[in-house]
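Only this structure's heavy atoms are used, side chains among them; waters, hydrogens and symmetry mates stay out.
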Amino acid sequence: MKLAAVDIGSNAIRMQITSVTQYEGIIKFKKVEYLRFPLRLGLDVFHNQKISEINRRKFVKLMKAFKILIDLYEVDDYMACATSAMRESVNGKEIALEVREEIGLKINIIDGDREAELINQSLNKFFDEKTYLHIDVGGGSTELNIYKSREKIASKSFQIGSVRALEDKVATPVWNSVEAFVHKYLENSPSVISIGTGGNINKIFELSLPHKNKRYLDYGKIEEVLGHLQTHTFEERVNKLNLNHDRADVIIPAGKIYQRVMQAAKSKKMLVPDLGLKDGIIQVLYERNKTKKPL
């Protein structure tokens, strides 16, 4: 079985094609294709409330390329999900309809709750009896989910993201809402473990030079990595630290979002599983297809 996930974010757009096989009773998911294209739709939307004509044309061309790959790989099922930028854009639905009619690719413009729900599909195996705060920072929004004893007790999406923060488009009342949400559910919870998802926390984890097989970051290590990044100019982050251009400018504001949420929860440790929306989409596709097609 081959499955494809398309994640249309505010800072970049990703596609992953996964092969699902079964051998000796064990089901395996293997990534056979992964593409990330740096189309920053959020920059248009957070300033002008709409996707510009030039980015609209790029987006449609990119979706055509993705559809060709989906067809070439003979994918059994796919799901394309658009998040903060397209759901806030006044022409987001119109562009999704254009892609559907001209290319035959269906785009689901999802709300923050559905986004969080899909991401959580890939995280279930990490939860136990402890208290967890899942923080997913995207370009335009941040989703927070709170788990206690394996059960999700609260979930909320906030208009805070790396591109918004970079462009100084995060209002103080939104931060107050984040802190109020965290305090409401975690004020009396000791030893809250954070789970960080998103491209920026994955890169911060990589820059921390972790020990082999270790997937945790201490709060102090995040502080250390951000401090190191701040000693470099944008050009140095690109050329000396080898960051992509569209990562080099947003990684610091994104890191500060993770930090601020962890501070509100008094969380000292973060699990970084290197999973995200695309992985949750693949899991949902597998669940809805496993009885239809033999592996």
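Residues Ile110 and Glu115 share a closest heavy-atom pair of CD1-CA, 3.7 Å. Closest heavy-atom contact between Ala12 and Arg14: O-NH1, 4.0 Å. Annotation for Leu243 and Leu207: closest pair CD2-CD1, 4.4 Å, computed over non-hydrogen atoms. Scanning all heavy atoms of the two residues, the minimum distance from Asn124 to Gln121 falls at ND2-O, 3.9 Å. Contact record, Ala4 with Ile17: CB-CG1, 4.0 Å, taken as the closest heavy-atom pair. For the residue pair Ala248 and Val238, the shortest heavy atom distance occurs at CB-CG2, 3.7 Å.
Glu206 and Ser208 share no side-chain donor-acceptor pair at under 3.5 Å. Using modelled atom types and a 3.5 Å distance limit, the side chains of Asn145 and Asn120 yield a donor-acceptor pair.
Residues His228 and Leu241 are in side-chain contact: their nearest non-hydrogen atoms beyond the backbone lie under 4.5 Å apart. Taking 4.5 Å as the limit, some side-chain heavy atom of Thr197 sits within range of a side-chain heavy atom of His134. The closest side-chain heavy-atom distance from Ser122 to Gln283 is not below 4.5 Å. In this structure, the side chains of Val137 and Ile201 stay at 4.5 Å or more apart for every pair of heavy atoms. Using a 4.5 Å heavy-atom threshold, the side chains of Lys28 and Tyr23 count as separate. At least one side-chain heavy atom of Ile257 sits under 4.5 Å from a side-chain heavy atom of Thr142. Looking at Ile95 and Ile51, their side chains come closer than 4.5 Å, going by heavy atoms from C-beta outward.
Proximity of a side-chain donor or acceptor of Asp111 to a complementary backbone N or O of Asp113 within less than 3.5 Å is detected. The backbone N or O of Thr233 lies less than 3.5 Å from a partner atom in the side chain of Glu236, making a donor-acceptor pair. Remark: the backbone N or O of Glu235 is paired with a side-chain donor or acceptor of Asn239 at under 3.5 angstrom. A donor-acceptor contact shorter than 3.5 Å links the side chain of Asn11 to the backbone of Asp246. Under a 3.5 Å cut-off, the side chain of Arg87 and the backbone N or O of Ile109 do not form any donor-acceptor pair. Side-chain atoms of Arg237 come within 3.5 Å of backbone atoms of His232 as a donor-acceptor pair (strictly under, hydrogens ignored). Of the possible polar contacts, one joining the Ser10 side chain to the Ala85 backbone as a donor-acceptor pair under 3.5 Å is found. Of the possible polar contacts, one joining the Tyr78 side chain to the Lys106 backbone as a donor-acceptor pair under 3.5 Å is found. A donor-acceptor contact shorter than 3.5 Å is absent between the side chain of Tyr34 and the backbone of Thr18. Side-chain N or O atoms of Asn108 include one that pairs as donor or acceptor with a backbone N or O of Ala80 at under 3.5 Å.
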Task: Trace of the salt bridge (charged side-chain N to carboxylate O under 4.0 Å, His left out) decision for Glu88 with Arg164 - done: CA-CA 13 Å; Glu88 292 181 38; Arg164 280 191 207 273; 2.2 Å; yes
Open item on the list: Let's go through Arg36 and Asp7 carefully: what are the C-alpha distance in whole Å and the side-chain angles of both, what is the deciding distance for salt bridge (charged side-chain N to carboxylate O under 4.0 Å, His left out) to 0.1 Å, and is it a yes or a no?
Closed with: CA-CA 9 Å; Arg36 178 185 184 276; Asp7 171 5; over 6 Å; no
TODO: Applying side-chain hydrogen bond (donor to acceptor under 3.5 Å, both in side chains), run through Gln263 and Gln259 and close with a yes or a no.
DONE: CA-CA 6 Å; Gln263 285 174 346; Gln259 280 190 306; 5.9 Å; no
- [ ] Mind running salt bridge (charged side-chain N to carboxylate O under 4.0 Å, His left out) on Glu74 and Lys2 for me, showing each step along the way?
- [x] CA-CA 7 Å; Glu74 299 180 333; Lys2 290 196 187 103; 5.3 Å; no
Open item on the list: For Glu179 and Lys184: C-alpha separation, side-chain torsions, deciding distance, then whether salt bridge (charged side-chain N to carboxylate O under 4.0 Å, His left out) applies.
Closed with: CA-CA 8 Å; Glu179 290 169 351; Lys184 178 179 178 181; over 6 Å; no
- [ ] I would like to know whether Phe29 and Tyr286 meet ring pair (Phe, Tyr, Trp, His ring centres under 6.0 Å); could you show each step before the answer?
- [x] CA-CA 10 Å; Phe29 293 76; Tyr286 167 69; 5.3 Å; yes
Task: Stepwise side-chain hydrogen bond (donor to acceptor under 3.5 Å, both in side chains) test for Glu143 and Ser157 - done: CA-CA 4 Å; Glu143 278 66 49; Ser157 178; 2.5 Å; yes
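Note on Tyr73: it clusters hydrophobically with Phe37, by side-chain heavy-atom contacts below 4.5 Å among ILVMFWY residues. Taken together through direct or relayed side-chain contacts under 4.5 Å among Ile, Leu, Val, Met, Phe, Trp and Tyr, Leu35 and Ile281 form parts of separate hydrophobic clusters. Both Met79 and Ile282 are part of a single hydrophobic cluster, where members link through side-chain heavy atoms under 4.5 Å apart. Note on Val261: it clusters hydrophobically with Ile204, by side-chain heavy-atom contacts below 4.5 Å among ILVMFWY residues. The hydrophobic cluster containing Tyr132 does not contain Tyr219, counting ILVMFWY residues as joined when their side-chain heavy atoms lie under 4.5 angstrom apart, directly or transitively.
Using a cutoff of 4.0 Å between basic side-chain nitrogens and carboxylate oxygens, Lys64 and Glu102 are not scored as salt-bridged. Looking at Asp218 and Lys268, no side-chain N of the basic residue comes within less than 4.0 Å of a carboxylate O on the acidic one, giving no salt bridge. No salt bridge links Asp274 with Lys203; every basic N to acidic carboxylate O contact stays at or beyond 4.0 Å. Contact check on Asp249 versus Arg40 returns a salt bridge, with a Lys/Arg side-chain nitrogen under 4.0 Å from an Asp/Glu carboxylate oxygen. The existence of a salt bridge linking Glu223 and Lys256 is excluded, since no basic side-chain nitrogen approaches an acidic carboxylate oxygen closer than 4.0 Å.
Legend: residues meeting side-chain hydrogen bond (donor to acceptor under 3.5 Å, both in side chains) with Ser189, ordered by chain and number and at least two apart, are Lys148.
No more than 12 heavy-atom neighbours from other residues, nucleotides or ligands sit within 6.0 angstrom of NZ on Lys125. More than 12 heavy atoms of other shown residues, nucleotides or ligands fall within 6.0 angstrom of atom CG in Asp128. In Arg100, the CZ atom is not crowded: 12 or fewer heavy atoms of neighbouring residues, nucleotides or ligands sit closer than 6.0 Å. Around the CD1 atom of Ile54, the shell of radius 6.0 Å holds no more than 12 heavy atoms that belong to other residues, nucleotides or ligands. Counting non-hydrogen atoms of other residues, nucleotides and ligands closer than 6.0 Å to CD of Glu151 gives a total of 12 or fewer.
Between Phe181 and Phe158, the ring center distance clears the sub-6.0 Å criterion.
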Pairs of donor and acceptor atoms involving the side chains of residues 165-177, under 3.5 Å and at least two apart or interchain, shall be tabulated with distances.
| residue | atom | partner | partner atom | Å |
| --- | --- | --- | --- | --- |
| Glu167 | OE1 | His47 | NE2 | 2.7 |
| Ser177 | OG | Pro173 | O | 3.0 |

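Using bins of under 30°, 30° to 60° and over 60° for the plane-to-plane angle, the ring pair Phe127/Tyr147 lands in the parallel bin.
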